[in-house]
Amino acid sequence: MQNITAEQVAESLDYPSLVEALREAFQSNITVPMRHHHDMEQPNGRRESTLLLMPAWESGKSVGVKLVTVSPENGEKDLPAIQGIYILFDGDTGTPKALIEAKTLTARRTAAASALATSYLARPDSTKLTMVGTGVLAPNLIQAHAAVRPIKDVTIWGRDLKKANDLAQEMNSLGFTARAEENLEKAVGTADIISSATLSKAPLISGNWLQPGQHLDLVGAYRPDMREADDEAIKRCSIFVDTHAGATKEGGDIVIPLQSGVLSKEDIKADLFELTQGKHTGRSSEEEITYFKSVGHALEDLAAAQLVDKRINNA
């Protein structure tokens with residue numbers, strides 16, 4: 001069984017290829033049971049951690065399962081919140097093929113899923129992106145969105161201004177024109193695409209700040225009690241999700257307005273299955289404000305793991 005490192009994963013998963021791999025996967029017959037989600041109490045009043053087990057398989061080809069822990073307070077120890085491994089098996093014999101570093105796999109597939117949604121929901125001429133959050137996902141999201149839209153200008157907002165400046169410098173070194181912004185309302189109001197990846201429990205983004213034609217991409221707030229955008233954003237936007245089953249049960253940006261009656265399940269226009277399969281065309285006008293909520297799906301992990309295996313082994 002191969003042991004595939006983070007560096008090998010990063011080299012294998014360029015965003016244009018990964019976005020297309022995900023597009024094909026959402027059009028395929030990959031089987032994905034409901035993932036196991038276990039909250040784990042922590043001592044001394046620390047925030048709960050989460051254990052996720054995410055299986056998926058494509059008949060006769062591959063079987064995979066991701067084991068992930070999410071520890072919200074890891075930032076205090078200079079560690080990523082998300083840690084994990086991915087195990088890929090041969091779909092015919094069941095033989096373990098590879099043990100894949102899952103932190104990088106997860107970050108890349110998550111960013112690519114948002115970019116896949118953006119390819120249907122953001123205006124084709126979108127050049128300005130605002131990144132809310134400065135964690136591991138932030139640079140991945142910026143690069144992924146730039147793989148499907150002509151992103152040139154990047155504004156970064158974070159609670160820690162130093163981290164925002166550091167990320168801006170990193171993005172500048174990759175050819176973007178990037179800067180940190182202390183005023184979140186200003187950062188949101190001037191963007192074509194707003195991508196948010198935080199562990200916020202209270203909404204950061206006000207719907208009153210949104211402008212006609214924008215696309216809002218919400219990737220953080222992975223639990224039902226977390227939220228990145230408020231009710232006004234729900235009221236003003238056309239709502240899309242990665243999967244109906246996951247988003248309506250796991251992410252507070254959908255779960256909370258569903259519970260309060262601000263949103264109904266019928267108000268959700270489409271998920272990535274429906275978008276990629278042509279059952280919904282996505283953005284309907286230049287003025288429409290679109291809203292995409294992602295909670296993650298094991299199909300994405302399997303597609304990414306298969307691409308890694310293909311690239312490394314020329315399979």
Side-chain angles (χ1 to χ4, degrees), residues 4-15 18-19 22 47-52 54 66-86 100-118 129-147 151 154-174 176 178 180 193-201 204 217-223 226 228 242 250-251 292-298 300-301 304-305 308:
I4 298 176
T5 66
E7 291 74 19
Q8 289 175 298
V9 172
E11 290 173 1
S12 300
L13 298 181
D14 64 277
Y15 283 112
L18 182 54
V19 169
L22 292 188
R47 293 171 69 180
E48 285 183 330
S49 294
T50 302
L51 172 65
L52 301 171
M54 303 171 67
K66 187 171 74 173
L67 294 88
V68 169
T69 57
V70 185
S71 303
E73 297 191 15
N74 270 8
E76 298 174 6
K77 301 175 182 177
D78 292 323
L79 292 171
I82 300 172
Q83 306 276 356
I85 56 172
Y86 193 90
I100 306 173
E101 191 272 343
K103 179 163 59 72
T104 305
L105 185 87
T106 300
R108 294 220 161 209
R109 69 78 155 150
T110 301
S114 281
L116 177 61
T118 288
L129 182 140
T130 286
M131 185 69 236
V132 181
T134 58
V136 170
L137 273 174
N140 290 281
L141 283 161
I142 294 167
Q143 294 174 82
H145 285 300
I151 300 299
V154 178
T155 301
I156 299 162
W157 180 90
R159 289 189 175 93
D160 186 326
L161 184 59
K162 183 182 182 303
K163 289 183 179 179
N165 277 310
D166 289 345
L167 179 57
Q169 289 181 15
E170 180 184 346
M171 293 299 101
N172 284 325
S173 72
L174 296 176
F176 296 97
I193 299 170
I194 304 105
S195 186
S196 185
T198 73
L199 298 176
S200 181
K201 286 220 162 191
L204 294 169
D217 169 51
L218 301 178
V219 184
Y222 65 94
R223 290 168 46 125
M226 293 176 168
E228 295 188 291
D242 56 353
E250 296 183 26
F292 175 71
K293 175 57 187 170
S294 169
V295 297
H297 196 252
E300 300 161 6
D301 297 302
V308 170

Measure the shortest side-chain to side-chain distance between Ile100 and Val9 over non-hydrogen atoms and say whether it is less than 4.5 angstrom. yes
Can a donor-acceptor pair be found, under 3.5 Å and without considering hydrogens, that links the side chain of Glu101 to the backbone of Thr104? yes
Listed partners of Ala197 passing side chain to side chain contact (heavy atoms under 4.5 Å, CB included), at least two apart: Met131, Leu137, Leu141, Val219
Which residues satisfy the side-chain hydrogen bond (donor to acceptor under 3.5 Å, both in side chains) test with Gln143, sequence neighbours excluded? none
Which residues pass the side chain to side chain contact (heavy atoms under 4.5 Å, CB included) test with Ala304, not counting sequence neighbours? Leu13, Leu18, Leu105, Arg109
For residues 69-78, pull every pair meeting side-chain hydrogen bond (donor to acceptor under 3.5 Å, both in side chains), keeping only residues two or more places apart or in separate chains. Arg46-Glu73, Ser49-Ser71
Listed partners of Thr134 passing side-chain hydrogen bond (donor to acceptor under 3.5 Å, both in side chains), at least two apart: none
How about Glu228 and Ser196: does a side-chain donor come under 3.5 Å of a side-chain acceptor? yes
Contact summary for Ala115 and Val19, nearest pair of heavy atoms: CB-CG2, 3.9 Å
Got a list of side-chain donor-acceptor pairs under 3.5 Å for residues 161-173, not counting sequence neighbours?
unit_1: Lys162; atom_1: NZ; unit_2: Asp166; atom_2: OD2; d: 2.9
unit_1: Asn165; atom_1: ND2; unit_2: Leu161; atom_2: O; d: 3.3
unit_1: Asn172; atom_1: OD1; unit_2: Ala178; atom_2: N; d: 2.7
unit_1: Asn172; atom_1: ND2; unit_2: Ala168; atom_2: O; d: 3.2
unit_1: Asn172; atom_1: ND2; unit_2: Ala178; atom_2: O; d: 3.1
unit_1: Ser173; atom_1: OG; unit_2: Glu170; atom_2: O; d: 2.5

Show, in sequence, the C-alpha distance, side-chain angles and deciding distance for Ser12 and Arg108, and conclude whether the side chain to side chain contact (heavy atoms under 4.5 Å, CB included) test is met. CA-CA 10 Å; Ser12 300; Arg108 294 220 161 209; over 6 Å; no
What is the minimum heavy-atom distance between Gly251 and Lys293, and which atoms define it? CA-CE, 4.2 Å
Sequence neighbours excluded, the answer for side chain to side chain contact (heavy atoms under 4.5 Å, CB included) partners of Thr50 is His37, Asp39, Leu52, Val70, Tyr222, Arg223
Residues passing the side-chain hydrogen bond (donor to acceptor under 3.5 Å, both in side chains) test with Ser114, sequence neighbours excluded, are Asp217
Applying side-chain hydrogen bond (donor to acceptor under 3.5 Å, both in side chains), can you list everything that pairs with Thr155, at least two apart in sequence or on another chain? none
Ring pair (Phe, Tyr, Trp, His ring centres under 6.0 Å) partners for His145, two or more places apart: none
Any residue meeting side chain to side chain contact (heavy atoms under 4.5 Å, CB included) with Ala117, in chain and number order, not counting sequence neighbours: Leu121, Leu272, Phe292
Are the side chain of Glu11 and the backbone N or O of Gln8 linked by a donor-acceptor pair below 3.5 Å? no
Let me confirm one number: the CG-CE distance from Leu218 to Met226, rounded to the nearest 0.5 Å. 14.0 Å
Write down the atom of Tyr15, the atom of Ala107, and the distance for their closest heavy-atom approach. OH-O, 4.5 Å
Is there a side-chain contact between Tyr86 and Ile4 (heavy atoms, below 4.5 Å)? no
Just by modelled atom types, is the Ala111 backbone N or O under 3.5 Å from a matching donor or acceptor in the Asn140 side chain? no
Here's a test for you: under side-chain contact (heavy atoms from CB on, under 4.5 Å), which of Ile193, Thr118, Ile194 qualifies with Leu129? Ile193
